[in-house]
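In what follows, chains are A, B, ... by sequence order, proteins preceding strands, each numbered from 1.
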Amino acid sequence: METAEVDFKPLETKTITVSMGPQHPATHGVLRLVLELDGETVVKCTPHVGYLHRGIEKLSENRTYLQIIPLTDRLDYISSMSNNIGYCVAVEKLLGIEAPPRAKFIRTIAGEMSRISSHLLWLATHALDIGAMTVFLYAFREREVLLDLFERLCGARLTVSYPRIGGVRNDIPDQEWLDVLKKFTDEFPDRMKEYETLIDQNRIWLKRTKGIGVIGVEEAINWGLSGATLRGSGTDYDIRKYMPYDAYDQVDFEVPVGRECDVYDRYRCRMIELLQANRIIRQCIDKLPEGPILADERKFVLPAKDEVLGDMEHLIHHFVLVAKGPKTPVGELYVSTEVPKGELGFYIVSDGTGKPYRMHVRAPSFVHAGVLGRLSVGHMVADVIANIGTIDIVLGECDR
Amino acid sequence: MGPLQIAERIKEMFPDDVLGYTGFCGQVTVSVKKDNIVSICRYLHDDAEMGFDYPASLCGVDYQGREPRFEVVYNLYSITHRHRIVLKAGVPESDPAIDTVTGIWTGVNWHERETFDMYGIKFNGHPDMRRILMPEDWEGHPLRKDYPVTGPAREWHGYEEVRDRKRKYAEFEWKPLK
């Protein structure tokens, strides 16, 4: 029997390019990743953003300082309360006014409620992406309570626009609202135990998260990461501690720090942050002072409606504030606050008119989406999903 | 170190490049020439007393009618020493380009791309100088002051492509059963 001559070519491997997104359930919005794959290993990962760009910075150059508050809702729509607070804190610093103590405490309560609701959504979707369905259902049960409280507080569940420059729009509705919140803070640590029994020691969860997406502390700082994404790498940079605003200097809380710099440590950081946020709310309820909820600054703060209708002077203030905006000092400043996703900074250039000459939003998700390529290289395709979850991005904020 | 001390120190180190500094609300902004921006940033990052390890933000500002027209603003923070400084470098309209600082802080990569996208300021030596938020073939730079808020007069051709595709695939769209 004759053997056929076969020409054996050397075996070639070549990479394939896969486009993931923009419509992909695990990309948390409209993020598009172009993955270059060698088998199932990611060789290169290029994120493409901008699908949700609405030009918020351009719009805000043509709106008065008071009109921008609803725009900031649309940045990170999961935690719009924190964005509003961040913007109001920045403008208050620009105008040189300060909110009264009661407003500061209410804002701290609302900001931490927003942090819990955002972290619960993160936990739910992160676990869902990695394959733990049950946590989703439990986390949304608690989130519902918080959203109901938001609704009673200001009438909106998602885009709240509740804080104002110099305070908050309205006071807490009644004692019952505080009681419901108090009951929530009592129960929440037990609820946390439920989530932790589901995933904390789960072998699949550990395999999917330990040693994935490792980024060392110096590199993480060099990338400009912030929030729990940075703290998972072992530094305690938290703006609430470093540059306290609102009532954060009057409450006691700890900043969790990770050690292994991986997805699991960032998960643990956020879980502890949830408990700390709960602690802050509890302390604020106990310490909540009486008093006004808006600063007594007629030149910058809208007067109450009954005053406008009954008094000429207030009517004039109201008219000027609505039509032209507040008169601002000339200058530029950068003010950052700690939102659930990380450091939200507002860089405002003021030219003395009622509209910002330039308002740059330093969005944490924008920076975090940039690091995704660095985190994913060398891991499997499935780990890209874990990495998207761990950096906790919202594309509304990333694209602005 | 206080922000004024930092500004003084930068002025001592780079007397020819610092144009002046201003303070507002406890923050100090140092205006520098754009030519030496990389060595200034390198100094701020590497010097042990400065230690500006955290690139908080980078953005552009358009001062139409002023010379130089654009400014690139560097918001730097030091997590080690807990101090902040703002650097501003003027960029003229005739030659909108400045050297990149991605070699010092990796994180400014996307910020520089955004500044290019929004103002048309090119960053020399940037590893990936493409548009980031707007489509790649978009005309104009939206955050410039002479760019209309309502958008350009001529529609972006990408919209027509999307509408074409919608018409093409209309027959496959889901219809309720009779």
Please test A/Leu333 against B/Val86 for side chain to side chain contact (heavy atoms under 4.5 Å, CB included), starting from the C-alpha separation and ending with a verdict.
CA-CA 9 Å; A/Leu333 85 166; B/Val86 184; over 6 Å; no

Take A/Glu343 and B/Tyr77 through the test side-chain hydrogen bond (donor to acceptor under 3.5 Å, both in side chains) and record every step on the way to the result.
CA-CA 12 Å; A/Glu343 173 180 350; B/Tyr77 188 71; over 6 Å; no

Go through the steps to decide whether A/Arg358 and B/Glu71 satisfy the test salt bridge (Lys or Arg N to Asp or Glu O under 4.0 Å), and finish with yes or no.
CA-CA 12 Å; A/Arg358 165 87 168 103; B/Glu71 255 174 16; over 6 Å; no

Side chain to side chain contact (heavy atoms under 4.5 Å, CB included) assessment of B/Gln27 paired with A/Glu332:
CA-CA 9 Å; B/Gln27 291 182 8; A/Glu332 52 201 65; over 6 Å; no

Verify side chain to side chain contact (heavy atoms under 4.5 Å, CB included) between B/Arg84 and A/Ser336, making sure each step is shown before the conclusion.
CA-CA 12 Å; B/Arg84 179 186 298 286; A/Ser336 53; 3.7 Å; yes

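Contact detail for B/Pro55 and A/Asn222: the closest heavy-atom pair is CG-O, 3.6 Å. Considering all non-hydrogen atoms of both residues, B/Leu133 and A/Cys398 come closest at CD2-O, 4.2 Å. Contact detail for B/Asp53 and A/Ile221: the closest heavy-atom pair is O-CG2, 3.4 Å. Minimum heavy-atom separation, A/His360 to B/Ser57: CD2-OG, 3.7 Å. In terms of heavy-atom proximity, B/Tyr54 sits nearest to A/Ser226 at OH-CB, 3.2 Å. Closest heavy-atom contact between B/Pro142 and A/Lys58: O-NZ, 3.1 Å.
Proximity to chain A (any heavy atom under 4.5 Å) is restricted, for B/His45, to the side chain, taken from C-beta onward. When heavy atoms are compared at a cutoff of 4.5 Å, A/Arg374 does not approach chain B at all. Within the 4.5 angstrom heavy-atom criterion, no atom of B/Val108 approaches chain A. With a 4.5 Å cut-off on non-hydrogen atoms, B/Arg130 touches chain A through its side chain but not through its backbone.
A/Tyr347 places a side-chain heavy atom less than 4.5 Å from the side chain of B/Val61. Annotation: side chain of A/Arg362 is not in contact with side chain of B/Asn75 (no heavy-atom distance under 4.5 Å).
Counted within 6.0 Å of NZ on B/Lys175, heavy atoms from surrounding residues, nucleotides or ligands total more than 12; the atom is thus considered enclosed.
Between chain A and the residues B/Asp62, B/Asp128, B/Asp117, B/Leu58, the most heavy-atom pairs under 4.5 angstrom are made by B/Asp62.
Note that B/Arg82 lies in the cation-pi zone of A/Tyr242, set by a 6.0 Å cut-off to the ring centre and a 45° limit from the axis.
Atom OH of A/Tyr334 is separated from atom OH of B/Tyr74 by 15.5 Å, given to the nearest 0.5 angstrom.
Ring pair B/Tyr63/A/Tyr357 is parallel by interplanar angle, where below 30° counts as parallel and above 60° as perpendicular.
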